[in-house]
Protein chains: 2
Amino acid sequence: MSTKCSDCPLRKMDFFAEMSASEVAFMEGFKTGELEAQPGTEIMAQGQSSTHLFTCLEGMGLRHRTLEDGRRQVIGFVMPGDFIGLQAGVMGEMDHSVEATSDMRLCTFNRSELWSLFSSNPTRAYDLTRVAAVEEVFLGEALTAVGQMQARVRIAWALHRFYHRLAAVGLGDGNSVPFPYRQQDLADALGLSLVHTNKTLSALRDDQIVTWTEQRLAIHDFGRLEAEAGVDAAKLVSRPLI
Amino acid sequence: MSTKCSDCPLRKMDFFAEMSASEVAFMEGFKTGELEAQPGTEIMAQGQSSTHLFTCLEGMGLRHRTLEDGRRQVIGFVMPGDFIGLQAGVMGEMDHSVEATSDMRLCTFNRSELWSLFSSNPTRAYDLTRVAAVEEVFLGEALTAVGQMQARVRIAWALHRFYHRLAAVGLGDGNSVPFPYRQQDLADALGLSLVHTNKTLSALRDDQIVTWTEQRLAIHDFGRLEAEAGVDAAKLVSRPLI
DNA sequence: CGATTACTTGAGGCCTGTCAATGATGGTGG
DNA sequence: CCACCATCATTGACAGGCCTCAAGTAATCG
């Protein structure tokens, strides 16, 4: 059974911007259904257009660009509340692929109706642009981490971010969050080799700062993690939910 | 004397998406004036809001994030046609600073009227979102270059991109384009040290592929530059002009 | 129970950063 | 007009962070 937007569990969270009743009603018309995806499923493919756009309702995934020689750059991680397909929507084709890394549930929208969102609901159009701007901020931070930080700092930064982003959507359980990724995914996201990523994670574990096992990430010392990452406590900007 | 949007020299270029007469008329009302900036001027500051938004009409600049320890990550280069201040517009504050590196002329808009753009002109709102999406694509490419490529490839990629982006706005003169940056700027953009950037540029010069002197970038062997950069001939997506 | 996938661990080397010094250029003030 | 200073480009020496190669363990699966 498909969740109605009026019952959407994400929308009530502080992490997401408020939405008026009329906006919710509009979204119920915009939403066309739901899609379930299993780990490994490619939800959108780099270089292709798509008739559908999505919002992640449950589960996690990742965005990546693939190079000719088989290497890839992970450019982001998909978590509940994230919108998928903005580029396909407004530019015709995706510049990256999106793949599920856990079981996922996605709200689906018709791309062909995206224009009606702009023409009939400027508030939602504004929010969609905000989503794009938030994504831009994230990419700027990631670029800064990869360009300027050493391996240990990069990893600490990434794990710190993960924890708080997931906790913000209610997935935190004590000091841990689900984390359905491989070390290779993190390595590809941070521009590090798998081997070096592994050794750095070991060091962080030996220092009793974080542990990452069995698809779960647990933070044992928030203070030191923040110190390692060179960030002050989480300041996640609230974002609109599409 | 301020240029009217109807006379805007940029709008007619193939690089920018078509704009209807009514859209041009709307933009004339949206535009509030022009601003001149000299090299070194900070146009927008990281972490601050702004009452104005801009479009680069002439000249060049760069976007960068500054770290506490003084290092910085250059996250982009501003060239004619680029919109400045999207984040300040929709999120309240910029996540990076924008600074002029040459004399610049900027169209100015009131941030307070951004909402009217969404509510009264969905076509323009759509275009603004496209601008954000294009920026996202660029950041994804940059992240891939910094995360996956070696120094020489990164630099070749960047120079190749610069040339074609500038040529697309009519600044190409034979095989060269204006290039008002320092080697430090390129180094900070690509996550390289100044010294290594310098040595890699020397190598590219010795190999007679490109020369960069006197604020000009000249390409001497396009084929080899593309080969070094691992890209096929330029495929710049057309973008909307705001 | 062989094949596959993911995680670990060790060894060696290179790409790139850091340190340091020198030129080249342009602006400034006496 | 020249000493002085600041900025930027250049070059050499050296070290180190990270990559690559290689091998081994553990867990899952048909």
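All figures in this text were calculated on a predicted structure; none of them were measured in a lab. Chain identifiers are assigned alphabetically (A, B, ...) following the order of the sequence lines, protein sequences preceding nucleic acid strands; residue numbering begins at 1 within each chain.
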State yes or no: are the ring centers of F54(A) and F83(A) separated by less than 6.0 Å?
no

Between the CG atom in L201(B) and the OG1 atom in T213(B), the distance rounded to the nearest 0.5 Å is 11.5 Å

May I have the distance from R71(B) (atom CZ) to dG17(C) (atom P), rounded to whole angstrom?
11 Å

Mind calculating the distance between CD (Q215(A)) and P (dT28(D)) to the nearest angstrom?
11 Å

Per-pair distances, 0.1 Å, donor-acceptor, side chain in residues 42-51 of chain B, under 3.5 Å, sequence neighbours excluded:
{"residue": "Q46(B)", "atom": "OE1", "partner": "T66(B)", "partner atom": "N", "Å": "2.9"}
{"residue": "S50(B)", "atom": "OG", "partner": "H52(B)", "partner atom": "N", "Å": "3.0"}
{"residue": "S50(B)", "atom": "OG", "partner": "H52(B)", "partner atom": "O", "Å": "2.7"}

Side-chain contact check for Q150(A): nearest option of dA6(C), dC15(C), dG17(D) is dG17(D)

From CD of E214(B) across to P of dC8(D) the rounded distance in Å is 15 Å

Atom CZ of R152(B) to atom P of dC15(C): distance rounded to whole Å?
12 Å

With heavy atoms under 4.0 Å as the rule, sort R154(B) into base, sugar-phosphate or nothing.
nothing

Determine whether a donor-acceptor pair (N or O, by modelled atom type, separation under 3.5 Å) exists between the side chain of K31(A) and the backbone of T3(A).
yes

Send over the distance from R205(B) CZ to dT11(D) P, rounded to a whole Å.
7 Å

Mind calculating the distance between CG (L186(A)) and P (dA6(C)) to the nearest angstrom?
15 Å

State whether R182(B) places a side-chain N or O below 4.0 Å from either non-bridging phosphate oxygen (OP1 or OP2) of dA6(D).
no

Whole angstrom value for the distance that separates C1' of dT8(C) from CG of D206(A):
12 Å

Enumerate the residues from residues 188-203 of chain A whose closest heavy atom to DNA chain C is under 4.0 Å, giving them by residue number; use none for an empty result.
V195(A), N198(A), K199(A), S202(A)

Just by distance, no angles: are the side chains of R205(B) and T211(B) close enough, under 3.5 Å, to form a donor-acceptor pair?
no

Taking R71(B) first and then D188(B), would you say they form a salt bridge - that is, a charged N and a carboxylate O separated by under 4.0 Å?
no

Main chain of P180(A), side chain of T101(A): is a donor-acceptor contact present, judged purely on distance under 3.5 Å?
yes

Separation of dG17(D) atom C1' from I155(A) atom CD1, nearest Å, is 13 Å

